[in-house]
**Student:** 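Submitted below is the structure of interest, expressed as structure tokens.
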Number of protein chains: 2
Amino acid sequence: MNVLKDILSERGIRPTFQRLTVLAAVSENRSHVTIRELHAALVKKIPTLSKTTLYNTLELFSAKGLVRSLSIDPGEARYDGVVAPHHHFYCSVCGRIIDIEISCPTGRAGEIHGHRIDEVHGYFKGVCRDCLARPGQTSVPPGKHIPAQRRRISHA
Amino acid sequence: MNVLKDILSERGIRPTFQRLTVLAAVSENRSHVTIRELHAALVKKIPTLSKTTLYNTLELFSAKGLVRSLSIDPGEARYDGVVAPHHHFYCSVCGRIIDIEISCPTGRAGEIHGHRIDEVHGYFKGVCRDCLARPGQTSVPPGKHIPAQRRRISHA
DNA sequence: TTCATGTTTGTAATCATTACAAAATAGTTT
DNA sequence: AAACTATTTTGTAATGATTACAAACATGAA
């Protein structure tokens, strides 16, 4: 894709193979990936890919406005290739993150009470429609978030 | 304060000295404290206080709706004793967190697109009024957040 | 080619958070 | 009060995301 290459060049980012691969993965994928997931997926294409490169690349992309870094999942950052303003819903049962299209007039002003606004983050947490409908999950207590990293088996 | 004791008892939380102290610190303090800060402040009153107790206590309080856990500062959770709905502004220069009073009609509905909403988090990031006015800080680039934990000297 | 600069990689630290079990505390019953 | 039980607190040891750092690598200019 020369389109991706142009996107990087326009922002003064040298379009290396790694960066193009990361940009392709983040923007084609609609799933708010973590570094961990991204690394697991991309080592297939770039066997030597290091996590440090992913951290560096995504921080660079974030600074240049190509991706958005989400801190909705406590303990692990997630990256969104869609930079157009929208909010997110985090399901505390299945851990899924769902895009919420909302017109939030506040952030668009660019400033509030004299403070310059660079980023607007709107996070909703709760139980998603599917998990509510699933039998046996009817009484999930609020505030019980189970991030992916804590959902594993203990190695005691 | 018997008021604090009643608050805990009403929610079925046994009002121990540790819990009362934590609740007092979080609710009287308007500063969105971290576990680290809280521990540093409270060991003066309870020399044996452990961080595990703070984690347990604040998770319990959060589950019972006595405090709100904020993930606006990447890398470190912050706790807000004010549970009434409001948003937050994070200054990427000084690291300060400022309350933003905003009427956000979306979250109050309790559900959106069939998803049950338990928590609403509105975070703005940028440069606060004071840091904008401070001379020598006029050209802070967007997206350069410096969390407290990374602001220390390296021990290499 | 040589040089300088930017990029990638691997390894080692840092540090918030969690897991876990022992010690301490409080409430209850005898 | 002692004995017992359930809850709470504490200290220590994992876990795991993120950062620091320097060596290896690639790239483009002179």
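Throughout, protein chains are lettered first and strands after them, A, B, ... in sequence-line order, and every chain is numbered starting at 1.
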**Student:** Rounding to an integer number of Å, can you tell me how far Arg36(B) CZ sits from dT17(C) C1'?
**Tutor:**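 Distance check: Arg36(B) CZ to dT17(C) C1' gives 14 Å.
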**Student:** Using a strict 4.0 Å threshold on nitrogen-to-oxygen distance, state whether Asp73(B) and Arg78(B) make a salt bridge.
**Tutor:**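 A salt bridge links Asp73(B) with Arg78(B).
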**Student:** Mind checking who shares a hydrophobic cluster with Phe89(A), ILVMFWY linked at side-chain heavy-atom distances under 4.5 Å?
**Tutor:**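 So far as hydrophobic clustering goes, Phe89(A) is joined with Ile98(A), Ile100(A), Ile102(A), Phe124(A), Ile112(B), Ile117(B), Val120(B).
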**Student:** Nearest whole Å is fine: how far is dG16(D) C1' from Tyr55(A) OH?
**Tutor:**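 Nearest whole value for this atom pair: 9 Å.
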**Student:** Using the test side chain to side chain donor-acceptor pair (under 3.5 Å), find all partners of Ser50(A) that sit at least two apart in sequence or belong to another chain.
**Tutor:**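 Ser50(A) satisfies side chain to side chain donor-acceptor pair (under 3.5 Å) with Thr53(A) only.
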**Student:** Taking salt bridge (Lys or Arg N to Asp or Glu O under 4.0 Å) as the cut-off, I'd like each qualifying pair that reaches into residues 86-103 of chain B, sequence neighbours left out, listed once.
**Tutor:**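 Non-adjacent pairs meeting salt bridge (Lys or Arg N to Asp or Glu O under 4.0 Å): Arg96(B)-Asp130(B).
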**Student:** Expressed in angstrom and rounded to an integer, what is the separation of Leu38(B) atom CG from dT17(C) atom P?
**Tutor:**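 My rounded result for the distance is 12 Å.
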**Student:** Relative to the 5' end of DNA chain D, which residue comes earlier, Thr52(B) or Ile35(A), by the nucleotide with the nearest heavy atom?
**Tutor:**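 Nearest-nucleotide comparison on DNA chain D picks Thr52(B).
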**Student:** Output the rounded distance in Å from CD (Glu37(B)) to P (dC15(C)).
**Tutor:**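 My rounded result for the distance is 15 Å.
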**Student:** What string of B, S and - do you get for nucleotides 3-8 of chain C, 5' to 3', if B is base contact, S is sugar-phosphate-only contact and - is no contact with any protein heavy atom under 4.0 Å?
**Tutor:** ---SSS
**Student:** If I take atom CD in residue Glu76(B) and atom P in nucleotide dA17(D), what distance separates them, rounded to the nearest angstrom?
**Tutor:**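 Rounded to whole Å, this separation is 18 Å.
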**Student:** From NE2 of His39(A) over to C1' of dA17(D), roughly how many Å is that when rounded to an integer?
**Tutor:**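 His39(A) atom NE2 is separated from dA17(D) atom C1' by 14 Å.
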**Student:** Scan residues 7-24 of chain B for pairs that pass salt bridge (Lys or Arg N to Asp or Glu O under 4.0 Å), counting only residues two or more places apart or in two chains.
**Tutor:**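 Output for this query is empty, none listed.
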**Student:** From CG of Asp73(B) over to C1' of dT17(C), roughly how many Å is that when rounded to an integer?
**Tutor:**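 It works out to 15 Å between those atoms.
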**Student:** How would you list, by chain and number, every residue that makes a side chain to side chain contact (heavy atoms under 4.5 Å, CB included) with Ala24(B), sequence neighbours excluded?
**Tutor:**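 With neighbours one apart ignored, the set is Leu4(B), Glu28(B).
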**Student:** Tell me the interatomic distance from Lys5(B), atom NZ, to dA26(C), atom P, rounded to whole angstroms.
**Tutor:**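 Taking NZ of Lys5(B) and P of dA26(C), I get 11 Å after rounding.
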